[in-house]
Amino acid sequence: MKLKHMRRVNDLGIPKVNEQQTNQKLAKGAVLTENHKKIIGFAVAIILFMVMYFGLPATFDHSARIMVAIVSTAIALWALEPIPLGLTAVIVLLLMMIFNVATTDVVFSGFASPAVFLIIGGMMLARAVNETPLAKRVTYYILSRWGGSANGLLGSFLIIPQIQAFFIPATAVRTALLLPVVQNVLDMIGAKPESKLNKMILLGVSYGGTISGTAVMTAAIGNILTVELLNSFLDLKITYFQWFLYALPIWILLIPLLYLLLIKIFPMKEEEALFPHVKEEMSERVKEFGPMSMAEKRCLFVLILTVLLWVLEPLHGFHPSVPALIGVALMTLPGIGCSSWSTVVKINYDTVLLIGATLSVGYSLNESGATELLGESLSTPWVISLMEKPIVSIIFILIITHLFHLAISNVATAVVTLIPIFIGLSVEAGADPLLICFTASIACLHGYILVVETMPNVLVHSTGRILQRNFLMPGIYMTLIMILVTVVVALTWWRWIGLY
């Protein structure tokens, strides 16, 4: 009898029935907390809609007033995520049609944009690449060369996403591909969550993933949205090569500066910073791959061809979506590619709905007259005076955008909200909209302080190995460095190449 009773008692002396009840209560509490978050998210969205509709100046007509209210609602839902991003995109489209803020053709025009097909093609390419060991081979090779020390490991994990940026079109995808390798290496070393090495490497992966979207136009959704909005509003076209030319110095400078910053913030003793067994393990894994297979060679050929077509856009004139779709076709053709069509079509359609809906929001803002009215409302004398001088306007835009991005976590949402407003402001002030909007787009991409600012931050934080407070001071330093680097590049490189 005593033994039977003991079996019903756990190591802490708590009866099993009580333990089960406790677990049920905890689970119920978690569900209630999640439900509370959803209720708060919807409440904030509804309140914003009402405040914007009734609180805007009388100069805003019904269509513009409703459109601004819908955008505010979308921002709240995308930022707080009470429902999936794709579902929010569908609801936004429905609201625009129900309230008749624009014609049906305009509301759905975002999905006719080649930018949507660029994202679809890019995600399909990433799926095809993952069908071969090519990406892992490159990653392990770099680690086998420089992964034997803390500094070498950090440098390796900073460089890998920069290489991936040319053929994998989203910061989230690049980070998701790299994270399992990073966690495996940290486990091999035995790095504890509170250790300097753990924090340095994970912040390097997060911030390095963010920076990787800077110079390659197709490497970040925000870049693509900016190009499409400028083309739609002002018939101003930016090629793949132009974007690369404008952003190249910022990209090149931020990587070594991030490397030096993290080494400075997380100094380690020599015995803590050396682990030759990692280098040896990576070398063994490279050997296990053996010679490159035909599938890998075909994959590499298609990737190089796709990137070349992107770079040569000024010569052939094709939108970047065309080379992306050419790459997809070659990747999946029997005897030519390295993957099957049934595999590459398994992409994240939330992302497709998000970019299509955000573009439609931008077009509808313009169609309803809301963009022009917002520009006029914000065109106070002191703002106009700031916008008239290129360097002063760059500093102003950088600061405003970074502050706005702290509140609006989704990069695509921040871009589609700010770019139309900045276009209106630049037109009112007689400033160069390309200079203003390019600066804002770059700033939207670089979110370092809060976990929610970028997808690399979110993914790295989701590992459970690093906390929000670990992002705070390094993030503030990186934000200041990014602003300083952009201003220096604007004073020198942008002036030399005639951007302003």
Side-chain angles (χ1 to χ4, degrees), residues 109-129 134 162-170 173-174 212-252 297-339 341 344-345 347 351-352 355-356 359 363 419 433-435 437-438 441-442 493-494 497-499:
S109 61
F111 292 91
S113 169
V116 174
F117 290 91
L118 174 57
I119 290 297
I120 291 172
M123 289 192 293
M124 285 176 146
L125 280 174
R127 290 282 302 180
V129 171
L134 182 62
Q162 315 312 315
I163 298 171
Q164 292 175 324
F166 286 96
F167 55 89
I168 298 177
V173 177
R174 294 193 292 275
S212 68
T214 304
V216 181
M217 191 184 82
T218 55
I221 292 176
N223 302 351
I224 299 167
L225 283 170
T226 300
V227 170
E228 291 302 310
L229 291 171
L230 284 170
N231 186 27
S232 173
F233 286 18
L234 302 173
D235 197 25
L236 185 61
K237 296 180 181 178
I238 306 175
T239 66
Y240 181 99
F241 180 77
Q242 283 176 308
W243 188 284
F244 188 79
L245 185 66
Y246 299 155
L248 181 61
I250 299 175
W251 184 41
I252 290 175
K297 290 177 182 178
R298 292 195 296 266
C299 179
L300 184 60
F301 170 77
V302 174
L303 289 175
I304 292 172
L305 176 63
T306 304
V307 172
L308 280 175
L309 288 173
W310 278 332
V311 173
L312 297 175
E313 183 185 343
L315 297 180
H316 54 65
F318 292 139
H319 186 274
S321 59
V322 177
L325 294 176
I326 290 172
V328 171
L330 292 175
M331 284 284 196
T332 53
L333 278 175
I336 297 176
C338 61
S339 184
W341 182 257
V344 301
V345 293
I347 59 175
T351 303
V352 177
I355 191 170
L359 282 170
Y363 300 155
I419 295 301
L434 173 57
L435 177 67
C437 294
F438 182 80
S441 181
I442 292 292
W493 180 254
W494 289 356
I497 64 174
L499 184 55

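As the structure is a computational prediction, the values presented were derived from the model and not from experiment.
A heavy-atom distance below 4.5 Å is found between the side chains of I250 and W494. With a 4.5 Å cut-off on side-chain heavy atoms, F233 and I419 do not count as touching. Contact annotation: the side chain of P320 approaches that of E313 to within less than 4.5 Å [non-hydrogen atoms, C-beta and beyond]. Looking only at side-chain heavy atoms (C-beta outward), F167 and L125 stay at 4.5 Å or farther from each other. Residues M124 and W341 are in side-chain contact: their nearest non-hydrogen atoms beyond the backbone lie under 4.5 Å apart. With a 4.5 Å cut-off on side-chain heavy atoms, Y363 and S113 count as touching. Taking the side chain as every heavy atom from C-beta outward, L303 and L134 approach each other to under 4.5 Å. Residues L359 and S109 have side chains not in contact (no heavy-atom distance under 4.5 Å, counting atoms from C-beta outward).
A donor-acceptor pair under 3.5 Å is formed between the side chain of W243 and the backbone N or O of T214. Remark: the backbone N or O of E228 is not paired with any side-chain donor or acceptor of S232 at under 3.5 angstrom. Looking only at distances, a side-chain donor or acceptor of T306 sits under 3.5 Å from a matching main-chain atom of V302. R127 places no side-chain N or O within donor-acceptor distance of the main-chain N or O of S339, the cut-off being under 3.5 Å. Side-chain atoms of W493 come within 3.5 Å of backbone atoms of L245 as a donor-acceptor pair (strictly under, hydrogens ignored).
Smallest separation of non-hydrogen atoms from I238 and V227: O-CG1, 3.8 Å. Nearest heavy atoms, S212 versus A165: O-CB, 3.2 Å. Between V116 and G356, the shortest heavy-atom distance links the atoms CG2-CA, 3.9 Å. Taking both residues in full, the closest heavy atoms of A128 and C338 are given as O-SG, 3.9 Å, listed atom of the first, atom of the second, then distance. Contact detail for A219 and G213: the closest heavy-atom pair is CB-CA, 3.9 Å. When every heavy atom of G222 is checked against every heavy atom of S441, the shortest pair comes out as O-OG, 3.6 Å.
To the nearest 0.5 angstrom, I224 atom CD1 is 8.0 Å from H319 atom NE2. For the atom pair OH of Y240 and CG of L309, the computed distance is 10.5 Å after rounding to the nearest 0.5 Å.
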M331 vs V129, side-chain contact (heavy atoms from CB on, under 4.5 Å): CA-CA, chis, key distance, verdict: CA-CA 9 Å; M331 284 284 196; V129 171; 4.2 Å; yes
What verdict does the side-chain contact (heavy atoms from CB on, under 4.5 Å) test give for F318 and L325, after you've listed the backbone C-alpha separation in whole Å, the side-chain angles of each residue and the deciding distance to 0.1 Å? CA-CA 11 Å; F318 292 139; L325 294 176; over 6 Å; no
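More than 12 heavy atoms of other residues, nucleotides or ligands shown are found within 6.0 angstrom of CZ on F111.
You'll find the ring centres of F244 and W310 outside the 6.0 Å limit.
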